[in-house]
Amino acid sequence: MERRKFLKNSTAVTASLISVPLMASSLENAKRETSNNGESKAVRPIVICTWDFHKASAKAWDVLKDGGNSLDAVEEGVKIEEADVDNQTVGVGGRPDRDGNVTLDACIMDKNGNCGAVLAMQNIAHSISVARKVMERTPHVMLAGKGAEQFAYEMGFEKTDLLTEKSKQEWLEWKKTSKYEPIINIENHDTIGMLAIDKDGDISGACTTSGMAYKMAGRVGDSPIIGAGLFVDNEIGGATATGVGEEVVRTVGSFLIVELMRQGKSPQAACEEGVKRIIAKNKDKQDFQIGFIAINKKGETGGYCIHPGFTYRTYSEEGHVNNPSESYLHS
Ligand code: ASP
């Protein structure tokens, strides 16, 4: 279903369980744990991602169930959305900035705290893979704009036209009024943030987006900013965000959530506190969407948002589930 309609009909969102046949042998090393209070079961390997990106979570799960590591899982998972021309907020097909250029933001973080990011990069489809190369092949964490693009070519990535006819036509229509007022809760919040724990219990995360539609040229949101759009601490857990990046940056949201888990909060409680920090800074104006998801070392997960309509996928041996997120506001 088209995201816009989906969000408008958000009250109709229901949890869906798709039964998934798993090969027991490939999960030999999977570990089941029970939380301290003995009530909630936790399991790994597991992957969690923002929104109902079921193909992406399925791809990541394929990597994990075959014994692959969490870094490969999150990269392969989010690449599905980067390649999907119908997803207008990630990778190829993303909506352009106000000048008609599609610019991509992405970051990735591994179990050792290594990270890499690309900001406002044009003409390369798989920004997450370039971010990984930044992490693995350079002494830097972030490359931006032309420098990121040049680096991508040096690493063998191909030049790709990211602007699809559909996104171009919508942009031309938008230009007639050029109102820089995205309809915040229903227009452009399909950033994919993904967190995974592999059979060894190691956590990695990835986040990739084309950012806010019709943004100012050069605008960068939270998604490629380590600590804001994504943070992983292999001792504790990970968190990632979708929504209005400026607000997530102001509270360093994903880092905050991981630190709250370090202090003992569950992933769910930590996500709720993360959203409430943002609300506290916007007491008079809450007409925007933020969604956080988090996972702890045991594989327990949580998600929380401002407005109803946000969902997140989990995939483990327990099944492949689209979880409606609880929200701070209710319609
Ligand atoms: N967080 C992204 C950004 O601000 C956009 C989104 O998730 O809607 O660029």
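Whatever order the structure lists them in is the order used to number ligands and atoms, beginning at 1.
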List every atom of ligand 1 that sits less than 4.0 Å from any heavy atom of [X], numbering the atoms from 1 in the order shown and giving each element.
X	result
S223	1 (N), 2 (C)
D222	1 (N), 2 (C), 3 (C), 4 (O)
G211	9 (O)
T242	6 (C), 7 (O)

*Looking only at distances, please establish whether an N/O atom of ligand 1 is found under 3.5 Å from an N/O atom of D190.*
no
*Consider ligand 1: state whether an atom of it lies below 4.0 angstrom from any non-hydrogen atom of R219.*
yes
*Would D233 and K297 count as a salt bridge (Lys or Arg N to Asp or Glu O under 4.0 Å) if you check the C-alpha gap in whole Å, the side-chain angles of each, and the deciding distance to 0.1 Å?*
CA-CA 9 Å; D233 182 327; K297 189 72 176 165; over 6 Å; no
*Considering only NZ, NE, NH1 and NH2 on the basic side and carboxylate oxygens on the acidic side, decide whether D202 and R44 come within less than 4.0 Å.*
no
*Can we say E273 and K276 salt-bridge, meaning some charged N sits less than 4.0 Å from an Asp/Glu carboxylate O?*
no
*asked:* What I'd like to find out is whether the side chain of E246 reaches to under 4.5 Å of the side chain of R219, using heavy atoms alone.
replied: yes
*The one among G243, G245, G221 that brings a heavy atom closest to atom 1 (N) of ligand 1*: G243
*asked:* Using the rule given for salt bridge (Lys or Arg N to Asp or Glu O under 4.0 Å), can you reason through E170 versus R95, listing the C-alpha separation, both sets of side-chain angles and the distance that settles it, and then say yes or no?
replied: CA-CA 8 Å; E170 286 182 9; R95 293 191 181 91; 3.2 Å; yes
*Under the salt bridge (charged side-chain N to carboxylate O under 4.0 Å, His left out) test, which residues partner K79, sequence neighbours left out?*
E76
